[in-house]
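Structure, as structure tokens:
Every heavy atom of this structure was used, including side-chain atoms; hydrogens, water molecules and symmetry mates were not. For the single chain, residues carry numbers from 1 onward in sequence order. Note that the structure is predicted; figures quoted are calculated from it, not measured.
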Amino acid sequence: MNLARAIHFDESDMRIFHSPARTGEWCVPGGFEFSNWSEADLVGKARQAFANGWLGIETFGRVTFVAVTAIRGEEFEALAGRLAEHFVQIYGAPSIEAALPIAQEEMAHMAELCEDHTPNTLLTVARELTEAGVRESFRAIKSQEAGLEQFAIHGDPEG
């Protein structure tokens with residue numbers, strides 16, 4: 001089974017999100033955070049999180065890119081439990097038992113997004129607010145083998 005981990009290519013996420021996800025933490029889309037938002041909520045760093053932020057399941061921070069990675073079943077289940085705890089603590093779910101099926105559904109959605117991609121495929125999310133609610137779209141950027149010419153220094157070693 002595949003899921004995706006936060007990846008950073010530079011320091012930009014540290015500046016554009018209120019709380020950036022930690023490199024390597026497992027992520028889900030996290031669009032549920034914006035279910036009751038309106039245009040008035042879409043300002044500054046909150047707008048950036050809404051527009052293209054994945055949700056880390058350890059720090060509950062946001063990240064722009066995630067990379068598809070294999071995950072073990074027991075690790076997947078532990079993450080669902082962590083997400084259920086978050087639903088209780090932050091969103092007022094009545095209990096872990098009540099929140100767990102919703103957390104498992106969010107995890108299954110992420111696994112489905114990742115299932116047809118090879119390891120290291122990058123994923124991005126884009127959101128827009130519509131009259132019907134939040135609309136999410138996803139894009140995959142296939143990993144490419146680095147060619148030697150990207151690293152080789154061309155020229156005369158004697159000169």
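Val68 and Ile141 fall into different hydrophobic clusters, where Ile, Leu, Val, Met, Phe, Trp and Tyr are joined by side-chain heavy atoms under 4.5 Å apart, directly or via other members. One hydrophobic cluster, built from ILVMFWY side chains closer than 4.5 Å, holds both Leu55 and Ile90. Tracing side-chain contacts under 4.5 Å through hydrophobic residues (I, L, V, M, F, W, Y), one never reaches Val63 starting from Phe9; they form parts of separate clusters. Follow the hydrophobic side-chain contacts under 4.5 Å out from Phe60 and you never reach Phe34; the two are in separate clusters.
Not a single donor-acceptor pair under 3.5 Å links the side chain of Glu128 to the backbone N or O of Glu136. In this structure, Glu25 contributes its side chain and Ala6 its backbone to no donor-acceptor pair below 3.5 Å. The main-chain N or O of Cys27 is never found under 3.5 Å from a side-chain atom of Arg5 such that the two would form a donor-acceptor pair. Using modelled atom types, one side-chain atom of Lys45 and one backbone atom of Arg15 make a donor-acceptor pair closer than 3.5 Å.
Annotation: side chain of His117 is in contact with side chain of Leu123 (closest heavy-atom distance under 4.5 Å). A 4.5 Å side-chain heavy-atom check between Arg62 and Trp54 finds every atom pair outside the cut-off. In this structure the side chain of Leu3 reaches within 4.5 angstrom of the side chain of Leu79, judged on heavy atoms.
Of all heavy-atom pairs spanning Asp41 and Ala46, the tightest one is O-CB, 3.8 Å. Of all heavy-atom pairs between Thr130 and Arg135, the closest is CG2-CB, 4.0 Å.
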(request) Go through the steps for Phe17 and Asn52 under the test side-chain contact (heavy atoms from CB on, under 4.5 Å), then give the verdict. (result) CA-CA 10 Å; Phe17 296 123; Asn52 65 3; 4.0 Å; yes

(request) May I have the step-by-step check of side-chain contact (heavy atoms from CB on, under 4.5 Å) for Leu83 and Trp26, ending in yes or no? (result) CA-CA 11 Å; Leu83 189 55; Trp26 296 106; over 6 Å; no

(request) Output, in order, the C-alpha distance, side-chain angles, deciding distance and verdict of side-chain contact (heavy atoms from CB on, under 4.5 Å) for Phe50 and Leu129. (result) CA-CA 9 Å; Phe50 171 82; Leu129 199 54; 4.1 Å; yes

(request) Take Arg72 and Met1 through the side-chain contact (heavy atoms from CB on, under 4.5 Å) test and state the conclusion after the steps. (result) CA-CA 7 Å; Arg72 296 185 321 270; Met1 173 186 320; over 6 Å; no

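In this structure, Glu39 has no salt bridge (Lys or Arg N to Asp or Glu O under 4.0 Å) partners at least two apart in sequence or on a different chain.
In this pair, His86 and Tyr91 present their aromatic rings perpendicular. The plane angle is above 60°, beyond the 30 to 60° band.
Of the listed residues (Leu122, Thr69, Asn120, Thr64), just one forms a side chain to side chain contact (heavy atoms under 4.5 Å, CB included) with Ile7, and that residue is Leu122.
Note that CE of Met14 and OG of Ser19 are 10.0 Å apart. Values are rounded to the nearest 0.5 Å. Here OG1 of Thr121 is found 4.5 Å from NZ of Lys142. Values are rounded to the nearest 0.5 Å.
Summarising the local packing, CD of Glu11 is surrounded by 12 or fewer heavy atoms from other residues, nucleotides or ligands at distances under 6.0 Å. Counted within 6.0 Å of CG on Asn36, heavy atoms from surrounding residues, nucleotides or ligands total 12 or fewer; the atom is thus considered open.
If you look at Phe65 and His8, their ring centroids are not closer than 6.0 Å.
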Donor-acceptor list for residues 99-115 side chains, cut-off 3.5 Å, not counting sequence neighbours:
from   : atom 1 : to    : atom 2 : distance (Å)
Gln104 : NE2    : Glu77 : OE1    : 3.4
Glu106 : OE2    : Gly30 : N      : 3.2

